[in-house]
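Have a look at the structure below, then the notes.
Quick note: numbers below take in every heavy atom, side chains included, and nothing from hydrogens, waters or symmetry partners. Below, read A as the first sequence line, B as the second, and so on, with proteins coming before strands; counting in each chain starts at 1.
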Amino acid sequence: MNPVYISGVSQRIVGRGKPAPPYLKLLADAAADAVTDAGLEPHAIDGLVLSSSIPQPFACNPAELAEYLGIGPAYAAMAPYGGRPATDVIGMARSAVNAGLASNVLVLSADNFATTLGLEGAIELYMKSFDQTYERPFGPLIPTAFALMAARHIHDYGTTLEQLASLAVTIRRHGLLNPDTEVSGELTVRSVLDDVVISSPLTRSMVALISTGGAQGFVVTRRPTGNRAVAVRGYGESCGFMSLTQAPSLARFAHIRVAADQAVTQAGITLDDLDFVELYDPATIVPLILLEEIGFCEKGEGGAFVESGAVDLGGRLPVNTHGGTLAFRHPGMGAALDSVVEAVVQLRGEAGARQVQDAELGLVHGQGSWLANNGFLVLGRVR
Amino acid sequence: MTTTPVEVDVDPLEDPAAFFWRECGRSAFWLQHCGDCEKWQYYPRHLCSHCWSRKLTWRRPSGLAVVETFSVVHRGSGAFADLTPYTVALVRLAEGPTMMTNIVDVDPDRVEIGLEVQLDFARRGDRVLPVFRVRGR
Ligand SMILES: [Zn+2]
């Protein structure tokens, strides 16, 4: 597969608790900023991939959005709502370029919870991810899905609550270096453990934020445009189940390695070559499991790995350098695309106080519904 | 007096979920069993997810299960707010499949992975749910 490039990115910041702009305003701003960042004129765009939003999954189809933005003739596609790892839209854009359908594909994602739903409405909407017929009636919260994993991981591998807390402390420290973070104040292992229990054994500080909205834009190109392009070296994706009851285990997820190996093999690298990793972190147990399943440490050693400081900025494998959804924001479907933006910023060497020194290669993970469906992107600096 | 049959064919024209919940409403718990590969499945479907056979029947399982993992929900949302703290669990049925359920009538502190539980029913709102309680109690 030929490499393609992310030549432009954009990220619309809304801010903690602030009402988000209208959905189409977010999309329009994300589009204009990304195309400018790529050093292109709007008429150079000949493809559009829209990532569905959580609150407005059917607000517009990709043809309507292309028309709204004045793009065309163009390839137009959409990644539908639910169960998808969000990073998939970069893979779709790459496929379109490699298939000769387009040369400069605009990828857009926006979520807007504030104006229509409020926080409780957002929570209700996220809860719809559970199977309506056989899971919702028993009252799981979104964090319950991750709590069920954590309980089993603790049982099978002796992972400790202190280890689950230490990852929240690390990611918070990273988030506080991000000028756009929605949180303030350091955490300690003690403060994380003493926080309110949401769904045992997880406390509030071990689970993601809920933000009012945000947007991300990317220009995926056949040739680098501008002078800050980043190469898409590999993309892998693998779905293992959707309902929690259908997962073979809640502590071991073999399909994660399938997707990660696809991405790493396409890139022609090994895990040791990676300078940083951005993992979807709806709860601290999730990156911990991912680190094991991808193969950065032995199965069951994730707790010790994060506690060792390996995943801190300055460690051998910094994780979630922007703060992730635990300590930057969780805007909705675009959470993993915030991770893609961060990886591009790191590889451009523009991450400021949180810059990973000499970052050449990064791995980005996106998750659809509790590790059910996983996508991995390998991005690399263009030399 | 009619006796409940031990096995009924899956009606290809009926939504399996409708059958499942209607039967729960009269405190009857049915799992699908495959006539070809002899495996059980939950949740019910229009084909066997193990071998794609359409030769499915409904059977009454033992009602015995073991807690695979669980979480005590402390901050219920919507209609569940009044029930907190309540225990959401994945239990492995003796027949093989795993299902989500609530462990009821037990101090949440006593629930643990590996706990042996048995089927019961609980009315909640307009529906009767298959729940589990500690075996032998
Ligand atoms: Zn079968």
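- Rounded to the nearest 0.5 angstrom, A:L141 CG and B:H74 NE2 are separated by 10.5 Å.
- The two residues B:R127 and A:P137 come nearest to each other via the heavy atoms NH1-CG, 2.9 Å.
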Would you be so kind as to tabulate the donor-acceptor pairs closer than 3.5 Å made by side chains of residues 78-93 of chain B, with sequence neighbours excluded?
residue	atom	partner	partner atom	Å
B:T84	OG1	B:A81	O	3.0
B:Y86	OH	A:G139	O	2.4
B:R92	NE	B:E68	OE2	3.4
B:R92	NH1	B:G96	O	3.0
B:R92	NH1	B:T98	OG1	3.2
B:R92	NH2	B:T98	OG1	3.4

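- Contacts of A:R204 with chain B are absent, with no heavy-atom separation under 4.5 Å from either backbone or side chain.
- For a residue to count as touching a neighbouring chain, one of its non-hydrogen atoms must lie under 4.5 Å from one of that chain's; by this rule B:P97 does not touch chain A.
- Contact record, B:S71 with A:S200: OG-O, 2.6 Å, taken as the closest heavy-atom pair.
- A distance of 6.5 Å separates CG in B:N102 from CZ in A:F138, rounded to the nearest 0.5 Å.
- Ring pair B:F20/A:Y134 is perpendicular by interplanar angle, where above 60° counts as perpendicular and below 30° as parallel.
- A:S249 does not touch chain B: none of its heavy atoms, backbone or side chain, sits under 4.5 Å away.
- Taken to the nearest 0.5 Å, the CG atom of A:L244 stands 13.5 Å off from the CE atom of B:M99.
- Side-chain atoms of B:M100 and A:P140, non-hydrogen and from C-beta on, do get closer than 4.5 Å to each other.
- At a threshold of 4.5 Å between non-hydrogen side-chain atoms, the residues B:Y43 and A:T133 do not count as touching.
- Under a cut-off of 6.0 angstrom, the local environment of CD in A:E298 is sparse, with at most 12 non-hydrogen atoms contributed by other residues, nucleotides or ligands.
- Counting only distance, with no hydrogens or angles, the side chain of B:T69 and the backbone of A:L148 share a donor-acceptor pair below 3.5 Å.
- Two residues are said to be in side-chain contact when any heavy atoms from C-beta on lie closer than 4.5 Å; B:I113 and A:R152 meet this criterion.
- Here the CD atom belonging to B:Q41 is positioned 8.0 Å from the CD atom belonging to A:Q246, to the nearest 0.5 angstrom.
- Only the side chain of A:L250 comes within contact range of chain B, with heavy atoms under 4.5 Å apart.
- For B:R54, the CZ atom sits in a loose shell: 12 or fewer heavy atoms of surrounding residues, nucleotides or ligands are nearer than 6.0 Å.
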